[in-house]
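Presented below is the structure to which this report refers.
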Protein chains: 2
Amino acid sequence: MVLTKWREKILKTIEESEKPLTADEIYMKNNFKPNFSTVYRALKFLENKNLIKSVSFDTGQKYFYSNKKHYHFLYCIKCGEIEVFNKCIATQLEEFINKNFNFKITDHVFYFKGLCKNCKEDEKK
Amino acid sequence: MVLTKWREKILKTIEESEKPLTADEIYMKNNFKPNFSTVYRALKFLENKNLIKSVSFDTGQKYFYSNKKHYHFLYCIKCGEIEVFNKCIATQLEEFINKNFNFKITDHVFYFKGLCKNCKEDEKK
DNA sequence: CCTCGTAATGCAAATGATTTGCATTTTCAA
DNA sequence: TTGAAAATGCAAATCATTTGCATTACGAGG
Ligand SMILES: [Mn+2]
Ligand SMILES: [Mn+2]
Ligand SMILES: [Zn+2]
Ligand SMILES: [Zn+2]
């Protein structure tokens with residue numbers, strides 16, 4: 001169980017991207033070199049090792065992103081465009097949960113849905 | 001385009017549930033009576049009409065919930081159990097986004113990941 | 001009350017993302 | 001150098017969801 005050549009390349013692909021990537025985006029960015037199954041297996045491996053995280057929006061697809069920074073998202077419901085930001089306000093909520101629920105928090109997911117710059121303008125016509 | 005018998009039943013199923021439901025949970029709760037496709041089509045219809053919303057966690061599955069209340073979730077990464085809460089702190093973040101991004105917010109999703117009561121205890125052994 | 005057109009439903013097959021089984025190759029500790 | 005365990009490739013399978021098409025139900029206009 002080690003960080004092999006492909007796993008490393010895939011991790012780097014994700015870390016170098018400014019936005020989260022789908023499995024096939026990662027596949028493409030690596031010139032279709034590692035087999036698609038290898039990509040998926042690597043993603044699972046990296047996620048288990050907590051080197052990456054994944055999130056899914058409206059579509060059935062997962063998006064993968066680095067665990068080096070804290071991410072939140074702006075997801076365009078029209079074109080699927082994703083932007084990221086990192087301002088986080090979960091701490092106060094965490095306290096609320098710890099006080100009122102019997103639940104051990106390990107992570108959280110937050111994103112806004114709406115219209116990106118382009119789709120917002122298209123709307124006007 | 002109207003709220004037919006099945007659509008109404010499915011809406012009621014969702015509104016009467018304390019937690020979000022998957023398509024097949026909804027199917028089961030209706031004794032497998034409307035066809036599965038009808039369930040999915042009804043869900044799409046209801047979501048377009050903004051009567052329900054959906055969210056997906058780690059699995060490729062969508063969970064549907066009523067739009068009558070504001071929901072956030074506690075998602076157990078071990079057993080998939082879901083709890084809900086409604087305390088919401090998105091407003092301040094919304095201002096931040098409006099100030100710094102060119103994005104028209106229409107909704108947001110927030111959930112904590114972690115271990116539910118049961119899985120938390122199992123962990124100890 | 002009938003009648004026709006449109007929308008809704010059922011059924012089966014298709015789709016898309018992801019996973020899995022198995023054969024082959026790579027890795028690395030002994 | 002060698003053998004076992006892990007990683008990879010390839011093809012087929014799986015799971016949730018969607019779609020095409022034939023049939024049925026609904027409702028406005030007659
Ligand atoms: Mn955060
Ligand atoms: Mn909220
Ligand atoms: Zn957009
Ligand atoms: Zn649990």
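Labels below follow one simple rule: chain letters A, B, ... track the order of the sequence lines, proteins then strands, and each chain is numbered from 1.
In this structure, Asn30(A) atom CG and dT8(D) atom P are separated by 12 Å, rounded to whole Å. When the P atom of dA8(C) is taken as reference, atom CZ of Phe45(B) falls 7 Å away, rounded to whole Å. If you measure from atom NZ of Lys33(A) to atom P of dG9(D), you get 9 Å, rounded to the nearest angstrom. Here the C1' atom of nucleotide dA4(D) and the CE atom of Met1(A) are 15 Å apart, to the nearest Å. The CE-P distance, from Met28(B) to dA16(D), rounds to 12 Å in whole Å. Taking atom OH of residue Tyr27(A) and atom C1' of nucleotide dG16(C), one finds them 15 Å apart after rounding to whole Å. In this structure, Phe32(B) places its CZ atom 19 Å from C1' of dT9(C), rounding to the nearest Å. Protein atom CG of Leu43(B) is 12 Å distant from nucleotide atom P of dT9(C), rounded to whole Å.
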Show which side-chain atoms of residues 22-35 of chain B pair as donor or acceptor with protein atoms under 3.5 Å away, not counting sequence neighbours.
unit_1, atom_1, unit_2, atom_2, d
Thr22(B), OG1, Asp24(B), OD1, 2.8
Thr22(B), OG1, Glu25(B), N, 3.2
Thr22(B), OG1, Glu25(B), OE1, 3.4
Glu25(B), OE1, Thr22(B), N, 2.8
Asn30(B), ND2, Thr13(B), OG1, 3.0
Asn30(B), ND2, Ile26(B), O, 2.9
Asn35(B), OD1, Ser37(B), N, 2.8
Asn35(B), OD1, Ser37(B), OG, 3.0

Side chains of residues 38-48 of chain B: which donor-acceptor pairs under 3.5 Å do they make with residues two or more places apart or in other chains?
unit_1, atom_1, unit_2, atom_2, d
Glu47(B), OE2, Ser54(B), N, 3.3
Glu47(B), OE2, Ser54(B), OG, 2.8
Asn48(B), ND2, Lys44(B), O, 3.3

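A salt bridge between Lys117(A) and Glu121(A) is present, with a side-chain N of the basic residue lying under 4.0 Å from a carboxylate O of the acidic one.
Closest approach of Ser56(B) and Ser56(A) over heavy atoms only: OG-OG, 2.7 Å.
Applying the 4.5 Å side-chain rule to ILVMFWY residues, one finds Leu74(A), Phe85(A), Ile89(A), Leu93(A), Phe96(A), Ile97(A), Phe101(A), Phe103(A), Phe110(A), Phe112(A), Leu74(B), Phe85(B), Ile89(B), Leu93(B), Phe96(B), Ile97(B), Phe101(B), Phe103(B), Ile105(B), Phe110(B), Phe112(B) in the same cluster as Ile105(A).
Residues satisfying the ring pair (Phe, Tyr, Trp, His ring centres under 6.0 Å) criterion with Tyr75(A), sequence neighbours excluded, are Phe57(A).
Between dT8(D) and Asn35(A), no contact under 4.0 Å exists linking OP1 or OP2 to a side-chain N or O.
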Review point. Which letters describe nucleotides 19-30 of chain C, given B = protein heavy atom under 4.0 Å from base, S = only from sugar-phosphate, - = neither?
Key: BBB---------
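With a 4.5 Å cut-off on side-chain heavy atoms, Lys78(A) and Cys116(A) do not count as touching.
A heavy atom lying under 4.0 Å from DNA chain C marks the following residues of residues 4-25 of chain B, by number: Thr4(B), Trp6(B), Arg7(B).
Under the salt bridge (Lys or Arg N to Asp or Glu O under 4.0 Å) rule, Glu15(A) has a single partner from Lys68(A), Lys9(A), Lys69(A), which is Lys68(A).
If you look at Phe73(A) and Tyr63(A), their ring centroids are not closer than 6.0 Å.
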